[in-house]
Amino acid sequence: MPEEVDDAAEAGPPLEDPVDLTLDILRHSAAHLMAAAVCELFPGTQYDVGPSIEDGFFYNFLLPEDRHLTDADLADIAARMGELVKRRVPYRREVLPRDEARRLFDEMGQKFKVAIIDRLAPDVSSVSVYRTGDFIDLCRGPHVPDSGTLTAVKLLRVAGVYWRGDERNPQLQRVYGTAWFSPADLAAYLDRLAEAERRDHRRLGRELEMFHFDASAPGMPYWLPNGVIVLNELIDFWRKDHRARGYHEVMTPLINEKVLWETSGHWDHYRDDMFLFPVDEQTTYGLKPMNCPNAHVIYNLRRHSYRELPLRYSDIDPLHRFERSGTLHGLLRVRKFMQDDAHIFVTEEQIEEEYARILEITRVYYGIFDLDYSLRLGTRPADFMGDPETWDRAEAALLRILEANAGIPFTVEAGEGAFYGPKIDILMKDAIGRSWQTGTIQLDFQQPRRFGCEYIDASGAPRTPVTIHRVIYGSLERFIGILLEHFAGQLPLWLAPVQVEVVPVQDDVEAVMDCARNLVERLEAAGLRAAVSDSPGNRMQARIRDAELRKVPYVVVVGKRDVERGDDVVTVRDTRRGGTEQRSAPDLITLLNEEVTSRRPS
RNA sequence: GCCGACGUAGCUCAGUGGUAGAGCAGCGGUUUCGUAAACCGCUGGCCGGGAGUUCGAAUCUCCCCGUCGGCUCCA
């Protein structure tokens, strides 16, 4: 789990012994036990930090002589831990003066521990250490009384991590594990992971034939017919709604000469994330990673009055970003994507009101899908453009906006802003609880200035507008990935590639087939996506199963009995809620159309 | 990009040095059945790519590509 770990937080003034055993204590003790096993198996191992995290624990190691842990080693480590559990090794606490503890770890050659002690606050005069057999760790505790408590522990995986989370530092190896009160709890946790895997959008995307990734285009999705329907429905809704909200859609070049990126600042701040290609000795083009520079070009096509602002340009052009290979992840992290993008030119006085409008759009859009989200304010990054005073002003404005929108939880992340301005991000979680940014609302004082954008204010003087960059869905690719996981593939009716499938009971009876085809025609005439089940020779049951597996929301079965009755009443199976009911065809059409237009989530 | 793992039929997977397999899907036939899998048969593979070791490589070694889990980075 990508938990934020302050590596000095483990050490400090000793804590008292716990009254009750918590999962936190159990997991932290499991981390110690694992480190003890690793040190026994690989003498000379340096150990760094090993906290409890959500659902488990980890410990970071540097093995001697460039040895690296592999999955095979995990089994050995687990076996050694098992022996220690059987021996009920006590966790013994000692409190030492700070300098004595430093000497102890220094003599042991544990330089990570020495570094932790050296980073402690000056007023910390004593620290505690815990001994588990021969293993000694710098640790505030508290811990379990002995290792006999650790009966439901499983080591999960090994990962490379940069020391103290900095890519310029040497890489350590981290072993992740999970620990629970009982083997039954552990089994339940593993079941939960297996359930999450069934919701994995990559699996659903393949099974539902929505998208594909080819080895020749890593991170660039092929959208298949089913996926294009979802994509287009989302875009159609967005387009129509935003036109009504005063947005003007534009389309701009996918590639621009280097000079544009120099003007925008991308050349200096974003070049490494761009696809760049020289076309001759003098000319280099860049494939656009963002739409903002071209939006500024459009703004500058004529003079603007303050009366025109806010001026809202939207676009959904494809973007390409050269993401590092190890970071790609299905639709959630791609190199080619589209955003429901817009650039809004406002006066500084209009910022807060326009943000309020955008946050209202966010509430509406995420409400449609029953999605829970949180907000995050990202402030000035290390590699920022412009002057700190402007940044401070902008950050203060966004903080006021967030506070005014009480009810939605938000966090402030220092250094998480874009290089041109601070931003409010919308965060969502995937099936296994990983957090992803979807929408973002960014404030930009830099690009309008760099592009020389102006408007004429009420007194006739030229002034520089502020640009708000905003996406609500964010990347449509990522948003669809999140939706697939959120709905476990059972999309709301308005997005479902096939909304109704008609299954004939007897596919060799012409009257039955005519009835099925006629129903589909009427559904289609009413604007619904319908099809006759086309697997000749299969029994009705197999056709229903097939439609269920493809997550078709409604399945209608028609057979001889319906034809003979001739009352235009059919049996409708609701695959999302389960169960069937009788309904006249006209009623069915009205009902489904109502569900589509209201965009009910399920 | 870094650490670890994985890559065999469209999909899920078995096969650890000696003739490439199963289920599902697909195709052909039989069946026409009332709400989650009828039956029989057939087809289908540069075993991710390249080099090496070996009498012999899906299997062992090295390099590359891709994927998965983390780290870093980010919509």
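Chain naming here is simple, since letters A, B, ... match the order of the sequence lines and numbering starts at 1 in each.
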**Request:** Would you classify A/V512 as touching base, sugar-phosphate or nothing, given that sugar-phosphate means primed atoms plus P, OP1 and OP2, and contacts are heavy atoms under 4.0 Å?
**Result:** nothing
**Prompt:** So what does A/T327 hit on the nucleic acid, given a heavy-atom distance under 4.0 Å: a base, only sugar-phosphate, or nothing?
**Reply:** base
**Message:** Any N or O donor-acceptor pair under 3.5 Å from the base of B/U72 to the side chain of A/R324?
**Reply:** yes
**Request:** State the pairing partner of B/C62; accept Watson-Crick or G-U wobble contacts with both distances under 3.5 Å, and report none otherwise.
**Result:** B/G50
**Message:** Test ring-ring contact (aromatic ring centres under 6.0 Å, His included) on A/Y59 and A/F61; report intermediate values, then the result.
**Reply:** CA-CA 7 Å; A/Y59 216 115; A/F61 303 107; 5.3 Å; yes
**Request:** Classify the nucleic acid contact of A/G439 as base, sugar-phosphate or nothing, counting any heavy atom under 4.0 Å across all strands shown.
**Result:** nothing
**Message:** On the side chain of A/Y162, is there an atom forming a donor-acceptor pair with the base of B/G70 - under 3.5 Å, no angle test?
**Reply:** no
**Prompt:** Regarding A/R174 and the six-membered ring of A/F58, is the cationic atom NZ or CZ under 6.0 Å from the ring centre and inside 45° of its axis?
**Reply:** yes
**Request:** Quick one: label A/D273 by what it contacts on the DNA or RNA (base, sugar-phosphate, nothing), any heavy atom closer than 4.0 Å.
**Result:** nothing
**Asked** Counting any heavy atom closer than 4.0 Å, what does A/D71 reach on the DNA or RNA strands: base, sugar-phosphate only, or nothing?
**Response** sugar-phosphate
**Item:** Who pairs with B/C68 - Watson-Crick or G-U, where each distance is under 3.5 Å
**Value:** B/G4
**Item:** Parallel, tilted or perpendicular: rings of A/F112 and A/W163 (30°, 60°)
**Value:** tilted
**Message:** Can you check the distance between B/C47 and B/G7, where both ends of the measurement are the C1' atom (answer in whole Å)?
**Reply:** 10 Å
**Asked** Do we get A/R335 above A/F322's six-membered ring, with its NZ or CZ under 6.0 Å from the centre and within 45° of the axis?
**Response** yes
**Request:** May I ask you to verify whether the side chain of A/E548 and the base of B/A36 hold a donor-acceptor pair under 3.5 Å?
**Result:** yes
**Request:** For B/G69, take OP1 and OP2 only and decide whether either is under 4.0 Å from a side-chain N or O of A/R434.
**Result:** yes
**Request:** Scan every strand shown for a Watson-Crick or G-U wobble partner of B/U31, both distances under 3.5 Å, and answer none if you come up empty.
**Result:** none
**Prompt:** For B/A38, does either OP1 or OP2 sit under 4.0 Å from a side-chain N or O belonging to A/R539?
**Reply:** yes
**Watson-Crick or G-U wobble mate for B/C73, both contacts under 3.5 Å** = none
**Whole-angstrom distance between B/G21 and B/U59, as gauged at atom C1'** = 15 Å
**Request:** Would you indicate which nucleotide in B/U35, B/C73, B/A75 comes nearest to any side-chain atom of A/T440?
**Result:** B/A75
**Message:** For a quick check of understanding: with a heavy-atom distance under 4.0 Å over all strands, which category does A/K423 fall into, base, sugar-phosphate or nothing?
**Reply:** sugar-phosphate
**Request:** Confirm from the modelled atom types if A/R335 and B/C74 form a donor-acceptor pair under 3.5 Å, side chain to base only.
**Result:** no
**Request:** Pick the C1' atom in B/U54 and in B/U72, then give their distance to the nearest Å.
**Result:** 43 Å
**Item:** Side-chain N or O of A/R202 closer than 4.0 Å to phosphate OP1/OP2 of B/G69
**Value:** yes
**Item:** Out of B/C68, B/G4, B/A36, whichever nucleotide has its closest atom nearest the side chain of A/Q173
**Value:** B/G4
**Message:** Under 4.0 Å, counting only non-hydrogen atoms across every strand here, what does A/L172 touch: a base, just sugar-phosphate, or nothing?
**Reply:** nothing
**Request:** Using the aromatic ring of A/F337 (for Trp, its six-membered ring), decide whether it stacks on the base of B/A75 within the limits of 5.5 Å and 30°.
**Result:** yes
**Prompt:** Now, which nucleotide makes the Watson-Crick or G-U wobble pair with B/G23, with each of the two distances under 3.5 Å?
**Reply:** B/C11
**Message:** What contact category does A/S216 fall into here, base, sugar-phosphate, or nothing, at under 4.0 angstrom with non-hydrogen atoms?
**Reply:** nothing
**Message:** Would A/R27 pass as a cation-pi partner of A/W180, given that its NZ or CZ must be under 6.0 Å from the six-membered ring centre and within 45 degrees of the axis?
**Reply:** yes
**Prompt:** So what does A/S325 hit on the nucleic acid, given a heavy-atom distance under 4.0 Å: a base, only sugar-phosphate, or nothing?
**Reply:** base
**Asked** Partner of B/A36 by Watson-Crick or G-U wobble geometry, both contacts under 3.5 Å, or none?
**Response** none
**Prompt:** Using a cut-off of less than 4.0 Å, is there contact between a side-chain N or O of A/R321 and OP1 or OP2 of B/C73?
**Reply:** no
**Message:** Is the distance between the ring centroids of A/F384 and A/H269 under 6.0 Å?
**Reply:** no
**Prompt:** Looking only at side-chain N and O atoms, does A/Q506 come under 4.0 Å of OP1 or OP2 in B/U32?
**Reply:** no
**Message:** Let's test your reading of the model: under 3.5 Å, does the base of B/U35 pair with the side chain of A/T571 as donor and acceptor?
**Reply:** yes
**Message:** I'd like to check the ring-ring contact (aromatic ring centres under 6.0 Å, His included) partners of A/Y473; sequence neighbours left out, ordered by chain and number.
**Reply:** A/Y365, A/F479
**Prompt:** Is any side-chain N or O of A/D214 under 3.5 Å from a base N or O of B/G66, one able to act as donor and the other as acceptor?
**Reply:** no
